[in-house]
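What follows is a short report on a single structure.
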Amino acid sequence: MYAHAGVRFEQRWMGVLHLLAERGGLSVRDLADALGISHPSVSQTRRSLQEAGLVAERADARDARRRVVHLTDAGTALIDQLRPIWAALVAAAEDVDREAADVITPLNRLDDALARRSLYDRAVEQLASRAAAVQASPAAHLPSRVSPNHARA
């Protein structure tokens, strides 16, 4: 979509640029927390955006030890070019969702459930529960059959 619109854009910039456009200047830590990604990942993206002239850093007005990332004039101009593209992508996604009979709602519920407790944490809990049950009654908890799909996990 970006190339089609004649806009030079790297997809990894999306989250950082969107947050800076919506919230103003933010620290790398604030960006990482808001995006739910690692500090080093945001730092790499920030460097790439700085090299492209789209963001800069300055000292935080409330705490001079802290650095705040903000959009440059070129970054703001890029956001102005991106907004119609983003709106078109959202509209296209909504169209696909309507055609597919609302798959987004169940996916959002799945995302919420995993945010409350990860699949990993749930599996660890299951292992612990099964280990305790096996210790209590070893023969009663043997699976009768493991499906090939589950065996690969």
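Predicted model only: the values in this text are computed from it and were never measured.
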**Message:** With a 3.5 Å distance limit and no angle check, can you tell me whether R117 reaches the backbone of R122 through a side-chain donor-acceptor pair?
**Reply:** no
**Request:** Give, for atom CG of D111 and atom CZ of R116, the distance between the pair rounded to the nearest 0.5 Å.
**Result:** 10.0 Å
**Request:** Linking directly or through intermediates, with side-chain heavy atoms under 4.5 Å: list the remaining ILVMFWY members grouped with V124, chain and number order.
**Result:** Y120
**Prompt:** CG of L119 to CD of Q126: how many Å apart, nearest 0.5 Å?
**Reply:** 10.5 Å
**Fill in**
Residues at least two apart in sequence or cross-chain that pass ring-ring contact (aromatic ring centres under 6.0 Å, His included) with H39, listed by chain then number, are none
Side-chain donor-acceptor contacts of residues 70-89 below 3.5 Å, not counting sequence neighbours, with atom names and distances?
from : atom 1 : to  : atom 2 : distance (Å)
H70  : ND1    : R58 : NH1    : 3.3
H70  : NE2    : R58 : NH1    : 3.3
T72  : OG1    : G53 : O      : 2.6
T72  : OG1    : L54 : O      : 3.2
T72  : OG1    : A74 : N      : 3.4
T72  : OG1    : G75 : N      : 3.1
T76  : OG1    : T72 : O      : 3.2
R83  : NH1    : E22 : OE2    : 3.3
W86  : NE1    : Y2  : OH     : 3.1

**Message:** For D30, give me all partners under salt bridge (Lys or Arg N to Asp or Glu O under 4.0 Å), at least two apart in sequence or on another chain.
**Reply:** R66
**Message:** Contact between L20 and L31 at the side-chain level, heavy atoms closer than 4.5 Å - yes or no?
**Reply:** yes
**Complete:** For R98, the salt bridge (Lys or Arg N to Asp or Glu O under 4.0 Å) test, sequence neighbours excluded, returns D95
**Item:** 4.5 Å side-chain heavy-atom contact, R47 and S43
**Value:** yes
**Pairwise distance CG(L26) to CG(D60) - rounded to 0.5 angstrom** = 10.0 Å
**Prompt:** Is it the case that one hydrophobic cluster holds both V7 and M1, taking links as side-chain heavy atoms less than 4.5 Å apart, direct or via other members?
**Reply:** yes
Less than 3.5 Å apart, which donor and acceptor atoms pair up between the side chains of residues 10-19 and the rest of the protein, not counting sequence neighbours?
from : atom 1 : to  : atom 2 : distance (Å)
E10  : OE1    : R12 : NE     : 2.9
E10  : OE1    : R12 : NH2    : 3.3
R12  : NH2    : S48 : OG     : 2.9
W13  : NE1    : S48 : OG     : 2.9

**Prompt:** Of all heavy-atom pairs between R23 and A34, which one has the smallest distance, and what is that distance?
**Reply:** NH1-CB, 3.6 Å
